Each structure stands twice: as C-alpha cells, then as structure tokens.
Enquirer: 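Could you have a look at this structure, given as structure tokens, before my questions?
These numbers come from a predicted model, not from an experiment.
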Amino acid sequence: MKTSCAALSAILLSISAAAMAADYPAPKQGDWIARDFKFHTGEVMPELRLHYTTVGEPSGQPVLVLHGTGGSGASMLTPSFAGELFGAGQSLDATKYYIIIPDGIGHGKSSKPSDGMKTGFPKYDYDDMVAAQYRLVTEGLGVKHLRLVIGNSMGGMHTWLWGEKYPRAMDALIPMASQPTEMASRNWMLRRIMLDTIRNDPDYNGGNYSSQPRMMKYAVTAYGIASIGGTLAYQSQAPTAAKADKIVDERLAAPITADANDFVYQWESSHDYNAGEKLEQIEASLLLINSADDERNPPETGLTDAAMKQVKNGRLYLIPASTETRGHGTTGNAKFYSEQVRQLLQTAPQRTM
C-alpha cells in the first residue's frame, strides 16, 4: 500500500512532535518508608510506603509537582503537561530543575487500602497527604527548601496547604484548578452522590467485595461529565443527541481500573478541606491558575477573588473559556500557562529556610 506525501509528512510531523514532547531526562522511580506515620485520626501506621518519581538531577533547583485525585506521578508525565514544561528551554527545564512527583497516600504505588487492609486502612485527609509529602521531601530526599510547589486539582489544594503549613519551605507556589475555600457546594455535592452510589451498590458489600461494584462505572461517568470537560467544548463535541450518546457509550464502555475502596478513600479525603482560614500565613510568591469554565471552582461565585485579597504576594491567572479549554480539566494542558510559570520563576525571590 502506497502512502501519499501528505500522509507521510503528517506521520513525520507527529513523530517529531512526540519526540519534542519527551525531550527531558528519563524519569526515575523510588520508594521511601515513613516510619510511625500519624494520621489526623490519631492512628499510627508503623510503615507508610511513599512512591515517587524524579526528573532531573538532585543538583538542580527542587520543584515539587502534585497530582490530582486518582492520579499518580505517572499522570503528570503526559505530553500535554511534562512535554510542555520539562523539556530543554521550557519553563521547568529538567536540566536545571530537580522535579519531584510523589504518589499521594492512597494513590499510585504508595500505601493504599487495596494493598490488603481494605476499609481497615486509616481514613486519611489532605492534611495527612501533605504531611507525608513534606516528610518524603525533607527526610526521604534530603531537600530542605523548594524553588516551587505546583499542583493540579487535588494537587492544587495541597499546594495551598503547603504554603500555609510550611510557609518558609518554598520560594513560589502555583496552585491550579483549585480554590482555598471550604470543600462545599456543587463540588462536594457531586462527590457525595458519587461516593454514596458506590457504597449503596450491593456489590460493594461494605468494602468486602469480590469484584468491583457494577454501579461504579455509572457513578464515575456521571461525575466526570458533570464536573469536568467545559460547557463550550461539550457543545462543540456533542451538538446532537446522537453524538452525545456516542460519548456516553464510549465512556461507559471504557474499563474502570481503580479499586473501589481506593477510589472511595481518594475522593472522601477532600471532605474536610478548607485552606481559607490561614491565607495570611502564606509568604511565598503565589500564582493561582484557574480556567474560567472550571465547573468545580466557578469564578462567578467571587470566592476566589475574595480569597486572593488575603494572599500577600498572590495573583490570579484566569484562562479564558473556549472550545479549546476543558473546564476543570483545562490545566492538564500546560500550553495554556507555561509562559506564566516562566515569568513567576523569573521574578519570585529566592529565599532560604
């Protein structure tokens, strides 16, 4: 079969783009054990395994990258994120920066309920996850000061907590797809409905299931369509009932790879999140990056604007909504803000512990 010149050129361009997107040092994997880790419930785990990924060498300026709910270090190594930030000459050039990406408690290859404890695993929250990250960075990797903490969605909420709990630990903060105010309103309502749907499935059996609950895929799909994707983008992708049905059918047909207990723990850990009470404690230069069509953090409530007035060295960069943005998922694509990251790092003062 012959390939046309145009098709061949397209293939070569695609290969070239993929190569450029991966133009950063090979990621390295590691594990560290946090001994006698105490959770906010008072429970103590003698050995808490924390998995992490690093890109670049320890001699570079340390940057902590925090993933979203259900993600892991691997989920931050996509062409649209790492490929836009970690390459030569890019904003977080991994030949200059030492990039640390932990798997949060209950996520990826870190300790989680599905390792064997099931619902006996301690009920962790975001404070526990951030405390574990801090111990990994300082005790496990020996890093005493970070140039930057940057996180997306749940990782964005963690970034706010880092700035409040450890105000001298970093020069700059970039929380994304998040706001520091209490987990509430539609954001929590949708999470609560999704979690209750899974728990009330007879297959769940109080967490002692023999196979993944059948209703889980419907709960996850409904939550995803309701809280991520972008209004303009969905209208562009599904302007007819037939096209809308096709998207729903495709999502329901996709396998659910998450373990139900892990999933419930991951989403429920956000329940008591509220970084709005200690914003004045943040000392680092802070850049909040949100999208104007973010379904979980809608700017029209005014909550974000009010909160930012309490941050001494903070500013908001709001990505305009378009058919190119994906609502809450917009910040997964760093092309929308890579230059903003560069500018912050050029201007944020370097501090010490």
Side-chain angles (χ1 to χ4, degrees), residues 16-28 52-68 71 73-102 133 137 143 145-160 162-163 169-178 282 284-292 294 311 313-320 322 324-326 328-351:
S16 176
M20 289 177 66
D23 184 24
Y24 54 82
K28 300 174 183 177
Y52 62 92
T53 302
T54 61
V55 183
E57 297 299 323
S59 55
Q61 295 187 71
V63 171
L64 183 66
V65 176
L66 304 174
H67 63 75
S75 65
M76 306 306 286
L77 295 175
T78 62
S80 60
F81 186 80
E84 295 283 344
L85 292 174
F86 298 171
Q90 294 179 332
S91 304
L92 295 177
D93 185 336
T95 63
K96 299 177 181 178
Y97 293 99
Y98 178 48
I99 298 164
I100 304 163
I101 318 174
Q133 293 160 3
V137 169
V143 173
H145 188 78
L146 295 158
R147 177 61 178 152
L148 170 68
V149 179
I150 178 172
N152 192 39
S153 191
M154 176 182 75
M157 290 184 272
H158 289 177
T159 301
W160 286 105
W162 263 87
M170 76 295 292
D171 297 330
L173 296 160
I174 303 181
M176 301 187 296
S178 63
I282 296 175
S285 300
L286 185 145
L287 170 65
L288 169 59
I289 300 175
N290 278 351
S291 180
D294 188 330
V311 182
N313 302 305
R315 69 180 181 88
L316 167 67
Y317 178 65
L318 195 63
I319 302 168
S322 72
E324 300 248 337
T325 57
R326 294 296 180 266
H328 186 72
T330 299
T331 45
N333 193 334
K335 74 176 184 180
F336 290 109
Y337 54 82
S338 60
E339 191 55 35
Q340 298 292 322
V341 175
R342 186 192 305 276
Q343 290 175 16
L344 178 70
L345 292 172
Q346 289 174 342
T347 57
Q350 291 195 334
R351 308 182 306 155

Enquirer: Indicate yes or no for a side-chain donor-acceptor contact from Q350 to the backbone of D171 under 3.5 Å, with no hydrogens or angles considered.
Expert: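 Here the side-chain-to-backbone pair does not exist.
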Enquirer: Are the side chains of L85 and I99 in contact, using a 4.5 Å heavy-atom criterion?
Expert: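 With C-beta onward as the side chain, the pair stays apart.
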Enquirer: Can you name the nearest heavy-atom pair linking I282 to L173, along with the distance?
Expert: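 Of all heavy-atom pairs spanning I282 and L173, the closest is CG2-CD1, 3.8 Å.
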Enquirer: Can a donor-acceptor pair be found, under 3.5 Å and without considering hydrogens, that links the side chain of N290 to the backbone of S178?
Expert: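 Yes, the answer is positive, given that a donor and an acceptor are paired below the 3.5 Å cut-off.
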Enquirer: Contact between P27 and L77 at the side-chain level, heavy atoms closer than 4.5 Å - yes or no?
Expert: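 Side-chain contact under 4.5 Å: yes.
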Enquirer: Which heavy-atom pair separates G56 from Y98 by the least distance, and what is that distance?
Expert: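 Closest approach of G56 to Y98: O-CD1, 3.6 Å.
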Enquirer: Would you find a donor on one side and an acceptor on the other, under 3.5 Å apart, between the side chain of N152 and the backbone of H67?
Expert: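 No.
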Enquirer: Any donor-acceptor pair under 3.5 Å linking the side chain of R147 with the backbone of L345?
Expert: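 Side chain of R147 to backbone of L345: a pair is present.
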Enquirer: Which one of L286, I150, V65, L288 satisfies the side-chain contact (heavy atoms from CB on, under 4.5 Å) criterion with I174?
Expert: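 For I174, the side-chain contact (heavy atoms from CB on, under 4.5 Å) check succeeds only for I150.
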Enquirer: Does S338 use its side chain to pair, donor to acceptor, with the backbone of S91 at less than 3.5 Å?
Expert: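 No, because the side chain of S338 does not come within donor-acceptor range (under 3.5 Å) of the backbone of S91.
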Enquirer: Side-chain contact test, heavy atoms from C-beta onward, threshold under 4.5 Å: evaluate it for F86 versus V63 and give yes or no.
Expert: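 F86 vs V63: side chains apart.
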Enquirer: What are the two closest non-hydrogen atoms of L318 and A292, and how far apart are they?
Expert: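 Here L318 and A292 meet closest at CD1-N, 3.8 Å.
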Enquirer: List the steps and the verdict of side chain to side chain contact (heavy atoms under 4.5 Å, CB included) for Y317 and V341.
Expert: CA-CA 10 Å; Y317 178 65; V341 175; over 6 Å; no
Enquirer: For T325, which of T330, T331, D294 qualifies under side-chain contact (heavy atoms from CB on, under 4.5 Å)?
Expert: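 Passing option: T330.
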Enquirer: Atom CD1 of I319 and atom CZ of R326: how far apart are they, to the nearest 0.5 Å?
Expert: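 Atom-to-atom, I319:CD1 and R326:CZ are 12.5 Å apart.
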Enquirer: Ignoring hydrogens, what is the shortest heavy-atom contact between A172 and L344? Give both atom names and the distance.
Expert: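 So the two residues come closest at CB-CD2, 3.9 Å.
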Enquirer: Of the non-hydrogen atoms in N313 and A284, which two are nearest, and what is the gap between them?
Expert: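 Scanning both residues, the minimum pair turns out to be CB-O, 3.9 Å.
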Enquirer: Would you give the length of the straight line joining atom CE of M157 to atom CE of M176, rounded to the nearest 0.5 angstrom?
Expert: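 One finds 12.5 Å between CE of M157 and CE of M176.
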Enquirer: Roughly how far apart are F81 CZ and N333 CG, rounded to 0.5 Å?
Expert: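 Reported to 0.5 Å precision, the distance equals 10.5 Å.
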Enquirer: If you take all heavy atoms of Q133 and P102, which pair is closest and at what distance?
Expert: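 Closest approach of Q133 to P102: CG-CG, 4.4 Å.
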Enquirer: Determine, step by step, whether E324 and K335 satisfy the side chain to side chain contact (heavy atoms under 4.5 Å, CB included) criterion, reporting the C-alpha distance in whole Å, the side-chain angles of both residues, the deciding distance to 0.1 Å, and the verdict.
Expert: CA-CA 11 Å; E324 300 248 337; K335 74 176 184 180; 3.3 Å; yes
Enquirer: Is there a donor-acceptor pair closer than 3.5 Å between any side-chain N or O of E84 and the backbone N or O of S80?
Expert: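 No; judged by distance alone, with no hydrogens or angles, the pair does not exist.
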Enquirer: Rounded to the nearest 0.5 Å, how far does CG of L64 lie from CE of M170?
Expert: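 Nearest 0.5 Å value for the CE-CG distance: 8.5 Å.
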Enquirer: W162 and L66: side chain to side chain contact (heavy atoms under 4.5 Å, CB included), yes or no, with the steps?
Expert: CA-CA 11 Å; W162 263 87; L66 304 174; 4.0 Å; yes
Enquirer: Are the side chains of Y337 and L287 in contact, using a 4.5 Å heavy-atom criterion?
Expert: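 No - every pair of side-chain heavy atoms lies 4.5 Å or more apart.
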